[in-house]
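To keep things clear, I will list the structure first and then write my remarks on it.
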Amino acid sequence: MFDSFQMQKKLLFVIAFICAGFVYAQVTCPTLTGPLDGAVNVPVDATITWNDVNAPGYRISVGTTLGGTDIINEQNLGNATSFKPPLGLPEGVTVYVRLTIFFFNTPDPDIVCNVGSFETVNVTTPPSCAVINSPADGANNVNVSSNITWDYIPTATGYRITIGTTPGGIELLNDFDVGNVLAYNPATDFPFNTPIYIRIIPYNSNGSAPSNCPLFSFTTGSMASLPSCTQLLNPLNGSINVPLTPRLEWVSVSDADGYRVTIGLSPNTSEVLDNVTFTTNSTLVLDFDPNRNFFITIIPFNDAGEAIGCVQESFSTVLGCGPYLDAITGELVDLAPEINFPDEISFCENEIPYTVSATGTAEGYRWFKVDNNGNETLISSAAEIGLVEPGLYRYEVYNTVSQSGNTIECINSKEFTVVASEIATITALYTSGLNGSFQISAQVTGTGDYEFALDNIDGPYQDSNEFTGLTSGSYTVYVRDKNGCGIAEESIVQDLTLEGFPNFFSPNGDGINDFWQFIPPVETGEINVGAIHIFDRYGNFIKQIDPLAVGWDGNINGRPMPSSDYWFTAISLTTQKKIKGHFALKR
């Protein structure tokens, strides 16, 4: 037990130490996917996107020179693959994008990637009006120390703000140019218990938004004190190898009524927690993803409002199942079992149940049946399973590993399809043709996937059930199941010395081809065929006609038969051999 534990600790240590080398060796620079490198007339409010290269994290810089940072300077994005500049892009310039790939769990050097550039459009119109987002329009009991924030307006390069205590009032701030920002912190607090009216006018080089842009308002509350910000205690900001199920804890703020917590995989997302309220300064989080960077923002609040200016913190979790590079052997190590399983398995219906065995070795196995709605049912946890019906299945294998006191499963799986098959049954061999050449068509039944050969059991085989360009003689048709369930065969003798069987007729009463009948050869006029038997396409006998009679009118017991192919047999009075063929009824 002790040796196993020590070996496991050693393995995890080696994995943690060498994972960086593997990731660093595998990561390559991304390329721009939007706007594309070299694009022109790009909107100033464009979102910058790039392809996913499985980098642990990115920092982005955007500038108007190669390597410049005058627009965005090394902003941390986590592993997000898109970024929308919060203040847009300048117009009519070449914009350069640089991504820095960083390895937050390791000492590996950053990878700096100048991923491309594009040219923005020349803006020719003034911007539209701005919309305030904090304090909310119409809000009451707003803290007198509140900042004012608004949404970015495309093409705006600056904003002018007016604040008063009456509609149209200017006594608190008169058409003040705050520049190209999205927030304003008043020099003094707002008056208590007072309505506040705000108008924000965006502008650019082409002019300003209309002077009658919407007027927003809110009412302040009584004197109150905002709580101060807090910071992480566990894990500390910047921690690595944090357990996958940690208890998050932060500094308690004495005058806070609660805390709003947001956690995401990038600075601007909230996949884990989205502004969730807690009344205590800790919480248990279940099942963080391994080897990921997490960004957390904690904002204390009370009746006066939320703490202002709280910073975002981050940490990264322990390594997961791999793969990692083994520093000793130089080989790739994956704690999940290897899996090598076919996409499709077939069995013959006489072999049920068909035994399927797991490939490779693992600590555990699972077999699932998948229904038409994608729902899975566990049907076995053994290394072998007996399959009894076709359909979609999933095969899963796993090993277990202990990390940070938790046992996790390292899983690999594969979906596969099971098909049932059987040897074919040849129900009929149909022939047709005139003037010394004919074709054979094989009709078969069965659940298998079949291929066909003529006169040689070893092939060549073809997917088509028809053989053309044949002459009189004896033939054997072989039908082979592609899944190996057997070969069926049937022989036929064909004599093509007789003519006179039409390929079609159309019993529509127009006096042309209204009957299907035997037509004696022109050369001899000899009736050299006996009674003719007619069958439908399924081999059901429907009519016998005399070659001397007027023929068949397409009806059975006064009921018209449908348009279709029909088959006939007759006996040659010259050779005493059976003649087979088919014709079409057209209506």
Side-chain angles (χ1 to χ4, degrees), residues 424-446 450-452 454 462-473 475 477 479 490-587:
T425 298
I426 302 176
T427 58
L429 294 178
Y430 296 115
T431 63
S432 62
L434 296 172
N435 301 321
S437 177
F438 79 104
Q439 67 181 29
I440 296 176
S441 176
Q443 180 173 303
V444 302
T445 60
Y450 302 118
E451 54 189 358
F452 304 82
L454 189 66
Q462 63 184 38
D463 289 334
S464 173
N465 66 333
E466 292 187 350
F467 302 92
T468 60
L470 306 177
T471 58
S472 298
Y475 295 92
V477 175
V479 183
E490 183 79 22
S491 297
I492 187 173
V493 177
Q494 180 66 22
D495 180 3
L496 288 179
T497 58
L498 294 179
E499 300 180 2
F501 295 97
N503 292 326
F504 74 95
F505 77 117
S506 54
N508 55 12
D510 63 358
I512 303 173
N513 296 324
D514 282 338
F515 295 89
W516 187 83
Q517 60 193 130
F518 175 73
I519 302 173
V522 175
E523 296 83 358
T524 64
E526 180 183 1
I527 304 297
N528 52 5
V529 65
I532 302 170
H533 296 83
I534 300 175
F535 303 85
D536 65 16
R537 60 187 299 180
Y538 304 106
N540 300 312
F541 173 73
I542 60 174
K543 184 73 173 179
Q544 176 180 316
I545 62 174
D546 191 315
L548 299 175
V550 69
W552 183 39
D553 62 0
N555 297 329
I556 298 298
N557 297 324
R559 179 172 58 88
M561 298 300 287
S563 297
S564 183
D565 283 343
Y566 292 86
W567 299 86
F568 69 89
T569 63
I571 298 297
S572 168
L573 300 180
T574 303
T575 65
Q576 300 302 310
K577 293 181 179 179
K578 179 181 288 188
I579 303 167
K580 294 182 180 179
H582 68 90
F583 60 92
L585 188 161
K586 300 180 179 180
R587 294 193 180 274

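Below, each value reflects all heavy atoms present in this structure, side chains not excepted, and no hydrogens, waters or symmetry copies.
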Which residues share a side chain to side chain donor-acceptor pair (under 3.5 Å) with Gln462, sequence neighbours left out:
none

Under 3.5 Å donor-acceptor, Thr427 side chain and Gln443 backbone:
yes

Within this structure, what is the CZ-NZ distance for the pair Phe505 and Lys586, rounded to the nearest 0.5 Å?
11.5 Å

Starting from the C-alpha separation in whole Å, work towards a yes-or-no answer on side chain to side chain contact (heavy atoms under 4.5 Å, CB included) for Phe535 and Thr569.
CA-CA 8 Å; Phe535 303 85; Thr569 63; 3.6 Å; yes

At what distance, to the nearest 0.5 angstrom, does CH2 of Trp567 lie from CD1 of Ile542?
13.0 Å

Partners of Asp536 by side chain to side chain donor-acceptor pair (under 3.5 Å), sequence neighbours excluded?
Asn540

About how many Å separate CD1 of Ile556 and CD1 of Ile534, when rounded to the nearest 0.5 Å?
7.5 Å

side-chain contact (heavy atoms from CB on, under 4.5 Å) partners for Ala549, two or more places apart:
Asp546

Taking the side chain as every heavy atom from C-beta outward, state whether Asn503 and Phe583 have any pair of such atoms under 4.5 Å apart.
no

Within the structure provided, determine whether Val477 and Leu454 are in side-chain contact (heavy-atom separation under 4.5 Å).
yes

Pairs under 3.5 angstrom only: tabulate donor-acceptor contacts from the side chains of residues 509-518 to other protein residues two or more places apart or in another chain.
unit_1, atom_1, unit_2, atom_2, d
Asp510, OD1, Ile512, N, 2.9
Asp514, OD1, Asn508, N, 3.4
Asp514, OD1, Gly509, N, 3.2
Asp514, OD2, Gly511, N, 2.7
Trp516, NE1, Pro502, O, 3.0
Gln517, NE2, Val550, O, 2.8

Heavy atoms only: give me the nearest Gly530-Ala570 pair and the separation to one decimal.
O-CB, 4.5 Å

Residues two or more places apart in sequence or in another chain: which of them pass salt bridge (charged side-chain N to carboxylate O under 4.0 Å, His left out) with Glu451?
Arg480

Grab the two heavy atoms, one from Tyr450 and one from Val444, that are nearest each other, plus how far apart they are.
CD1-CG2, 4.2 Å

Nearest heavy-atom pair of Gly554 and Pro507: which atoms, and what distance?
CA-CG, 4.5 Å

Of all heavy-atom pairs linking Asn555 and Pro560, the shortest is OD1-CA, 3.1 Å

Can you name the residues that form a ring pair (Phe, Tyr, Trp, His ring centres under 6.0 Å) with Phe504, not counting sequence neighbours?
none

To the nearest 0.5 Å, what is the distance between CZ (Phe501) and CD1 (Ile519)?
10.5 Å

What is the distance from atom CE of Met561 to atom CG of Asp553, rounded to the nearest 0.5 Å?
11.5 Å

Test item: Ile492 and Ile440 side chains (from C-beta on) under 4.5 Å apart, heavy atoms
yes

Measure across Pro547 and Val529 and return the closest heavy-atom pair with its distance rounded to 0.1 Å.
CG-O, 3.3 Å

In chain order, what residues pass the ring pair (Phe, Tyr, Trp, His ring centres under 6.0 Å) check against Tyr566, with sequence neighbours excluded?
Trp552

List in chain and number order the residues that pass side chain to side chain donor-acceptor pair (under 3.5 Å) with Ser564, two or more places apart in sequence or in another chain; answer none if no residue qualifies.
none

Restricting to side-chain contact (heavy atoms from CB on, under 4.5 Å), what partner residues turn up for Ser563, sequence neighbours left out?
Leu585, Arg587

